[in-house]
Amino acid sequence: MNPFYEQVYAVVAQVPFARVISYGQIARLLGRPRGARQVGRAMRLCPDHLPWHRVIRADGSVAGGQYAPLRRAMLEAEGVPFLPDGRVDLARFGVRHLPPQSGGARSSEK
DNA sequence: TACGTGACTTTGG
DNA sequence: CCCAAAGCCACGT
């Protein structure tokens, strides 16, 4: 397997509970700002031990084609609320840097 | 080796 | 605010 894929899996595995990240975000962390699609391709392999359901689009909408609704349910089960638009509030649940802390993502503030 | 496709992102109308 | 088009990278055929 190419190192890039392993890197993608590593990042996704580091994503904490009740938190989401976008394909482009992961790609950027790996040094491939244009590799968002390749991240999606890597996710397509769907490693069972990975929280692949925490990986969504940059706009907050859930991808995954046939499994999109399933992933949405999994996220809600973790405590990630979905907006009526069918999107996640990346401003509060979008991981900015790892490890993620309450900084900016706290639901008990302002 | 070349063409087509896609779990994406960003910019323009 | 919503819709459409272009750009990019890898993999499959």
Side-chain angles (χ1 to χ4, degrees):
Chain A
M1 185 75 77
N2 290 339
F4 180 69
Y5 279 50
E6 295 299 319
Q7 290 286 87
V8 172
Y9 301 144
V11 173
V12 175
Q14 296 345 294
V15 176
F17 188 84
R19 208 51 61 81
V20 297
I21 188 169
S22 65
Y23 295 93
Q25 178 95 45
I26 296 171
R28 221 173 303 187
L29 291 172
L30 301 181
R32 301 285 190 301
R34 311 296 167 187
R37 306 179 77 152
Q38 276 47 264
V39 174
R41 202 167 284 279
M43 298 312 301
R44 188 186 196 196
L45 303 180
C46 283
D48 300 353
H49 63 98
L50 284 178
W52 50 278
H53 56 276
R54 291 180 191 153
V55 183
I56 63 178
R57 286 183 177 172
D59 63 338
S61 60
V62 180
Q66 176 176 236
Y67 292 96
L70 173 63
R71 297 169 66 183
R72 188 172 64 215
M74 294 170 77
L75 288 170
E76 289 186 288
E78 291 194 349
V80 179
F82 272 71
L83 301 175
D85 323 50
R87 298 187 297 184
V88 179
D89 188 349
L90 296 178
R92 295 183 297 177
F93 294 91
V95 171
R96 283 185 235 243
H97 72 108
L98 305 173
Q101 56 230 300
S102 314
R106 42 198 170 258
S107 43
S108 306
E109 199 218 323
K110 166 45 183 353

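By convention in this document, chain letters (A, B, ...) are assigned in the order of the sequence lines, proteins followed by strands, and residues within each chain are numbered from 1. In this text the structure is predicted, and so the values were computed from the model without any measurement.
- Among all heavy-atom pairs drawn from P69(A) and Q66(A), the shortest one is CD-O, 3.6 Å.
- Contacts between residues 49-66 of chain A and DNA chain B, defined by a heavy-atom separation below 4.0 Å, involve W52(A), R57(A), A58(A), A63(A), G64(A), listed by number.
- A nucleotide of DNA chain B counts as in contact with chain A when one of its atoms lies under 4.0 Å from a heavy atom; the first and last such, 5' to 3', are dG6(B) to dT10(B).
- Comparing R41(A) and S22(A) by the nucleotide of DNA chain B that holds the closest heavy atom to each, the one mapping nearer the 5' end is R41(A).
- Taking every heavy atom of residues 72-81 of chain A and every atom of DNA chain B, no pair lies under 4.0 Å.
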Check residues 80-90 of chain A and write down every donor-acceptor pair under 3.5 Å in which the side-chain atom is one partner and the other belongs to a residue at least two apart or another chain.
| from | atom 1 | to | atom 2 | distance (Å) |
| --- | --- | --- | --- | --- |
| D89(A) | OD1 | A91(A) | N | 3.0 |
| D89(A) | OD2 | R92(A) | NE | 2.7 |
| D89(A) | OD2 | R92(A) | NH2 | 3.3 |

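- Among residues at least two apart or in separate chains, salt bridge (Lys or Arg N to Asp or Glu O under 4.0 Å) pairs with a member in residues 58-83 of chain A are R54(A)-E78(A).
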Using atom types as modelled, flag every donor-acceptor pair under 3.5 Å from a side chain in residues 33-51 of chain A to any protein atom, sequence neighbours excluded.
none

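- How far CD of Q25(A) is from CG of L30(A): 10.5 Å, rounded to the nearest 0.5 Å.
- Using a 4.0 Å heavy-atom cutoff across all strands shown, R32(A) reaches no nucleic acid atom at all.
- The heavy-atom pair separating A18(A) from F93(A) by the smallest distance is O-CD2, 3.3 Å.
- At the heavy-atom level, R37(A) lies under 4.0 Å from base atoms of the strands shown.
- Using a 4.5 Å heavy-atom cutoff, the side chains of I21(A) and V55(A) are in contact.
- The CG atom of L70(A) lies 9.5 Å from the NE2 atom of H53(A); values are rounded to the nearest 0.5 Å.
- The outermost nucleotides of DNA chain C lying under 4.0 Å from heavy atoms of chain A, listed 5' to 3', are dG7(C) to dC11(C).
- Residues A68(A) and V62(A) come closest through the heavy atom pair O-CG1, 3.6 Å.
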